[in-house]
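So that we are looking at the same thing, I have put the structure below in structure tokens.
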Amino acid sequence: MKNKTVYIASDHAGYKLKTKLIKIFPEITDLGTNSDESVDYPDFAHKLTREVLKNNGNVGILICGTGVGMSIAANRKKGIRAGLVNNAKIARLIRKHNDANVLVLPGRFININEAKNSVQAFLSSKFESGRHKKRINKI
Ligand code: RB5
């Protein structure tokens, strides 16, 4: 079975933060954008969610200015549970309680330290299932 892959993508407003995070987490697969030239966030949300859905266990990180556009676009895809996060505690909880497979960060409203801690918490936490599974099944 293919190993779990962690993907990251952003629009121009998230490009700077994405670049910093890739330096800290070089194992993450970068799907663009590749500069701070203006692009449309749904293009990158769709590109990343397509990859995440290819293999059970894959996860993704999306960044735009507020994180809201990426969240809306990503959550349109069946099988994607994307959570907008601005601190590590919430990043941990979206894995444990919501089985989130996409972490969304607000590139213009989070500092690198909090973003790094959030990524670490998201990647190292596991879904608790149980009562949370029942709730996810109702979505
Ligand atoms: C781009 O200016 C900005 O609108 C975008 O990054 C995002 O915040 C949309 O939700």
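As the structure is a computational prediction, the values presented were derived from the model and not from experiment. Counting starts at 1 for both ligands and their atoms, in listed order. Because only heavy atoms are used, hydrogens play no part in the values below, and waters and symmetry mates are left out as well, while side chains stay in. Numbers for residues simply follow the sequence, beginning at 1.
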_Can you confirm, on distance only, whether ligand 1 has an N/O atom lying under 3.5 Å from any N/O atom belonging to Gly65?_
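Yes - when backbone and side-chain N and O of Gly65 are compared with those of ligand 1, one distance drops under 3.5 Å.
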*asked:* Between the side chains of Asp36 and Lys16, is the shortest nitrogen-to-carboxylate-oxygen separation below 4.0 Å, so that they form an ion pair?
replied: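 So Lys16 does not pair with Asp36 through a salt bridge.
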*Report the relative orientation of the aromatic rings in His132 and Phe127; use parallel for angles under 30°, tilted for 30 to 60°, perpendicular for over 60°.*
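Rings of His132 and Phe127: tilted, as their planes differ by 30° to 60°.
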*Report yes if some N/O of Cys64 lies less than 3.5 Å from some N/O of ligand 1; otherwise report no.*
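Looking only at distances, the answer is no, because the N/O contact criterion of under 3.5 Å is not met.
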*Find out whether Val119 and Lys116 are in side-chain contact, i.e. whether some heavy atom of one side chain is under 4.5 Å from a heavy atom of the other.*
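Of all side-chain heavy-atom pairs linking Lys116 with Val119, none is under 4.5 Å.
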*Roughly how far, to the nearest 0.5 Å, is CD of Glu51 from CG of Asn58?*
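Rounded to the nearest 0.5 Å, the CG-CD separation comes out at 8.0 Å.
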*Say whether Tyr41, considering both its backbone and side-chain N or O atoms, lies within less than 3.5 Å of an N or O atom on ligand 1.*
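For ligand 1, there is no N or O atom that lies under 3.5 Å from one belonging to Tyr41.
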*Quick one: look at Thr66 and ligand 1, take heavy-atom pairs under 4.0 Å, and tell me if it's side chain, backbone, both or neither.*
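The answer is both.
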*From Cys64 SG over to Asp40 CG, what is the distance, rounded to the nearest 0.5 angstrom?*
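Reported to 0.5 Å precision, the distance equals 12.0 Å.
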*Atoms in ligand 1 with a heavy atom of Ala13 nearer than 4.0 Å*: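 Every atom of ligand 1 under 4.0 Å from some heavy atom of Ala13: 6 (O).
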*Would atom 6 (O) of ligand 1 count as contacted, meaning some protein heavy atom under 4.0 Å?*
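When distances to the protein are checked, atom 6 (O) of ligand 1 has a heavy atom within 4.0 Å.
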*OG1 on Thr33 to CZ on Phe44, rounded to 0.5 Å*: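 Spacing of CZ (Phe44) from OG1 (Thr33) equals 4.0 Å.
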*asked:* Tell me the protein heavy atom at minimum distance from atom 10 (O) of ligand 1, and give that distance in Å.
replied: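 Its nearest protein heavy-atom neighbour is Gly69 N, 2.9 Å.
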*Flag the pair Asp43 and Lys47 as a salt bridge only when some basic side-chain nitrogen lies within less than 4.0 angstrom of an acidic carboxylate oxygen.*
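A salt bridge is absent here (no side-chain N lies under 4.0 Å from a carboxylate O).
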*asked:* Within ligand 1, which atoms have a heavy atom of His12 less than 4.0 Å away?
replied: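 Per the distance check, 1 (C), 2 (O).
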*Considering only the protein, which heavy-atom contact is closest to atom 2 (O) of ligand 1, and what is its distance?*
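Sorting protein heavy atoms by distance from atom 2 (O) of ligand 1 puts Arg108 NH1, 3.4 Å first.
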